[in-house]
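Let me begin by presenting the structure, written as structure tokens, before commenting on it.
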Amino acid sequence: METLNIVYLVSAILIFSSIMASTLSARLGLPLLLLFLLVGMLAGEEGILGIEFSQYAIANFVGQAALACILLDGGLRTSFKSFRVGLKPAVVLATWGVFATVLVLGLFVTWLLDVDWRIGLLMAAIVGSTDAAAVFSLLRNGGVKLNDRVQATLELESGANDPFAILLVTGLIALNVDQNSQTLLGFVSLLAQQLGFGMLMGLLFGYLLSKMLPKLHLAVGMYAILIMSAGLAVFAATNLIGGSGFLAVYLAGILVGNNKVRATEHVLRVMDSFAWLSQAVLFVVLGLLVTPSNVLNVWHYSVAIAAFMILIARPIAVFSSIKPFGFKNREIGFISWVGLRGAVPITLAILPVMAGLPDAFLLFDIAFGVVILSLVLQGTTIPFMANLFKVRVPSNAEPDEEMEIWVSEQASITLYEFEVKPGAFAMGRHPLDISSSISEDEIAIFALIRNEKIVIVDQDTRLKYGDRVWYGLRGNHAAKIARIYNDIKLDRRSVEDFYGDWMISPNVRLGDLPFFDESVSSTPPNTKVTYDKEGSPVNMWQQTVAEFIKANLNTAPVPGDTVQINEEWSLIIKDIDDKGTLRTIGLKHY
């Protein structure tokens with residue numbers, strides 16, 4: 001009993017320390033996942049607590065379950081809207097991209113380590129896929145707003161590339177154990193089986209779960225446990241029949257998350273805690289598993305492999321995968337850079353150890369070093385690189401908080417919180433008298449918070465700096481109110497710096513804009529010439545702004561996309577609806 005209590009105590013202290021370390025993440029500029037790893041290493045055999053942990057089978061068990069939970073949560077939060085701009089390139093990145101990375105990096109590793117080519121390819125396959133936990137955590141919680149095309153592609157890739165990476169690692173381990181055990185035909189059939197069964201199980205049970213949730217009446221906390229257990233069941237069952245459990249649980253999460261009902265909101269709230277707990281436990285266990293001195297002994301290999309992967313192998317794979325989809329070079333550059341490695345490579349590196357390969361511990365130590373370098377180098381530079389590659393867009397005017405309250409199984413009311421910022425237009429005004437364009441039947445005050453206390457709103461109430469107001473809204477007015485509560489000068493300056501001084505309709509003709517009166521007879525160089533149904537060239541100045549943008553963009557438009565008119569003027573997409581229809585366009589002069 002005493003031993004059991006010691007295990008409980010140590011486990012609780014490690015998790016508690018990991019969560020407390022998260023408060024240092026923003027101050028130090030370090031990815032939170034890296035701090036979880038460091039906590040595990042500090043508690044390990046060469047750390048403060050000196051815990052000897054070399055149970056690779058247990059670590060693999062924890063890793064598989066945690067990754068399934070993380071992918072389920074990631075799927076629940078993946079909107080169908082991201083499929084419009086990111087699905088096709090993400091699928092290519094998750095298959096060909098992983099294969100190209102492994103092939104290019106494998107040749108380098110074989111030369112660098114002077115090992116058999118099978119070991120070189122195995123090392124490359126272990127670190128060849130991006131990590132869902134790292135990507136979801138750093139992109140969704142990093143405070144950087146990327147253009148939708150880049151964000152969707154990175155998130156969908158990280159959620160979908162695990163099956164192919166695991167298949168490559170499994171096949172290469174078998175090839176190292178028995179060179180005659182793998183054939184090209186067998187590998188292709190195994191890949192088809194993994195992807196086919198994974199998609200079938202994920203879509204089937206995701207659909208069934210999404211239809212079952214609205215019909216259930218459970219205690220609030222039970223919905224997430226139900227979805228969590230169902231997701232793990234789908235994961236395990238898919239693995240048992242030879243499919244990819246990771247792909248299945250991710251797809252099931254997407255279908256459940258996009259079928260919004262009362263139960264879905266309860267699931268999302270609790271699953272967020274499950275996902276964070278999974279990440280903390282997984283990275284702490286992996287930190288315990290590693291021996292820091294062994295990683296330091298091969299640090300030069302880790303640095304060389306990480307540098308080659310980040311600067312050569314990954315860019316080659318990304319460029320060859322998504323360039324045909326109309327991505328700009330700066331977008332390709334950023335996606336190449338944010339090929340974050342995390343728990344997946346370390347978990348995959350456990351498999352050769354369990355298989356008893358001769359160089360397994362060398363591969364594990366190198367993979368761990370590569371992950372550390374990736375989290376430090378790539379994870380800490382996301383904001384800088386987003387600005388450098390110009391894929392960062394200004395944060396839209398948004399409420400500080402948003403809470404959905406379901407009043408029935410199919411109907412909900414959304415409450416929005418806004419805080420009065422310095423210089424805001426709302427200062428000195430009544431909470432209901434902030435905008436003449438919002439009618440009284442479209443807005444209602446839920447609460448006014450001043451100095452952490454609720455204030456009763458009457459006719460004489462006036463807003464002050466720091467007040468927080470909760471509104472219930474009917475209609476799409478949240479962004480408008482957020483602008484009223486923000487600093488007018490700062491908000492306007494950030495928008496004008498990015499989108500330009502003029503906002504124009506996508507339906508206006510280019511030639512009707514007063515800035516181009518003298519140039520309507522000529523077409524600027526490097527402008528794509530479009531043709532009508534009869535094959536005759538179309539005069540660009542007769543096109544609407546929307547027609548000109550779509551003709552020259554070569555991909556699905558997203559906010560932040562820029563189309564050059566000439567050397568002095570460009571069009572920048574500001575607003576776009578869920579169907580991809582352009583709403584507001586910025587006109588910028590250089």
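These values consider heavy atoms only, across backbone and side chains, with no hydrogens, waters or symmetry-generated copies. The first residue in the sequence is number 1, and the count goes up from there.
A 6.0 Å sphere centred on CZ of F325 holds more than 12 heavy atoms belonging to other residues, nucleotides or ligands. No more than 12 heavy atoms of other residues, nucleotides or ligands sit less than 6.0 Å from atom CZ of F61. Other residues, nucleotides and ligands contribute at most 12 non-hydrogen atoms within 6.0 Å of the CE atom of M199.
Pairing each heavy atom of T347 with each of L282, the nearest pair is OG1-CD1, 4.3 Å. Looking at every heavy atom in both residues, G206 comes nearest to V256 through O-CG2, 3.9 Å. In this structure, F334 and I382 approach most closely via the heavy-atom pair CE1-O, 3.9 Å. Taking each heavy atom of L255 and S210 in turn, the nearest pair found is O-CB, 3.8 Å. Between L154 and V338, the shortest heavy-atom contact is CD2-O, 3.6 Å. Closest non-hydrogen pair, A367 versus P345, comes out as CB-O, 4.4 Å.
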Start with the C-alpha distance between T562 and K328, add both sets of side-chain angles, then the distance that settles side-chain contact (heavy atoms from CB on, under 4.5 Å), and finish with yes or no. CA-CA 10 Å; T562 301; K328 297 179 180 178; 4.2 Å; yes
Kindly indicate, with the supporting measurements, whether the criterion side-chain contact (heavy atoms from CB on, under 4.5 Å) is fulfilled by L362 and N294. CA-CA 9 Å; L362 173 66; N294 293 340; over 6 Å; no
Check against salt bridge (Lys or Arg N to Asp or Glu O under 4.0 Å), E155 and R149: CA-CA 10 Å; E155 290 189 356; R149 182 185 303 109; over 6 Å; no
Take L363 and I119 through the side-chain contact (heavy atoms from CB on, under 4.5 Å) test and state the conclusion after the steps. CA-CA 9 Å; L363 300 183; I119 293 293; 4.1 Å; yes
side-chain contact (heavy atoms from CB on, under 4.5 Å) between L112 and F308, worked out: CA-CA 11 Å; L112 177 69; F308 188 89; over 6 Å; no
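Residues passing the ring pair (Phe, Tyr, Trp, His ring centres under 6.0 Å) test with F364, sequence neighbours excluded: Y56. In this structure, the side-chain contact (heavy atoms from CB on, under 4.5 Å) partners of A100, at least two apart in sequence or on a different chain, are W96, A317.
Listed for the N60 side chain is no donor-acceptor partner under 3.5 Å among the backbone atoms of L351. A side-chain donor-acceptor contact under 3.5 Å links S229 to the backbone of L226. Judged by distance alone, the side chain of S374 and the main-chain N or O of R341 form a donor-acceptor pair under 3.5 Å. Side chain of D114 to backbone of T110: no donor-acceptor contact under 3.5 angstrom is found.
For the side chain to side chain contact (heavy atoms under 4.5 Å, CB included) with L121, the lone residue among L105, L168, V102, V109 that qualifies is V102.
Salt-bridge annotation for E157 and R314: present, with a side-chain N of the basic residue lying under 4.0 Å from a carboxylate O of the acidic one.
Inter-residue side-chain proximity for Q64 and F235 is flagged as met; some heavy-atom pair is nearer than 4.5 Å. Side-chain atoms of L93 and I335, non-hydrogen and from C-beta on, do get closer than 4.5 Å to each other. Side chains of Q151 and V391 form no contact here, defined as non-hydrogen atoms less than 4.5 Å apart. Residues L67 and F246 have side chains in contact (heavy-atom distance under 4.5 Å, counting atoms from C-beta outward). Side-chain contact between R118 and L357 is absent, with no heavy-atom pair separated by less than 4.5 Å. By the 4.5 Å heavy-atom criterion applied to side chains, W337 and L377 are counted as neighbours. Residues L107 and W111 have side chains not in contact (no heavy-atom distance under 4.5 Å, counting atoms from C-beta outward). Using a 4.5 Å heavy-atom cutoff, the side chains of L373 and S302 are in contact.
For the atom pair R330 CZ and K390 NZ, the distance stands at 7.5 Å (nearest 0.5 Å). In this structure, CG in N239 is found 7.0 Å from OG in S244, a value given to the nearest 0.5 Å. In this structure, CG in L72 is found 11.5 Å from CG in L251, a value given to the nearest 0.5 Å. Rounded to the nearest 0.5 angstrom, L348 CG and I173 CD1 are separated by 8.5 Å. We find the CE-CG distance between M201 and L204 to be 7.0 Å, quoted to the nearest 0.5 Å. The structure places CG of D73 at 4.5 Å from CE of M271, a figure rounded to the nearest 0.5 Å.
Of the N and O atoms on the side chains of T130 and N161, at least one donor lies less than 3.5 Å from an acceptor on the other residue.
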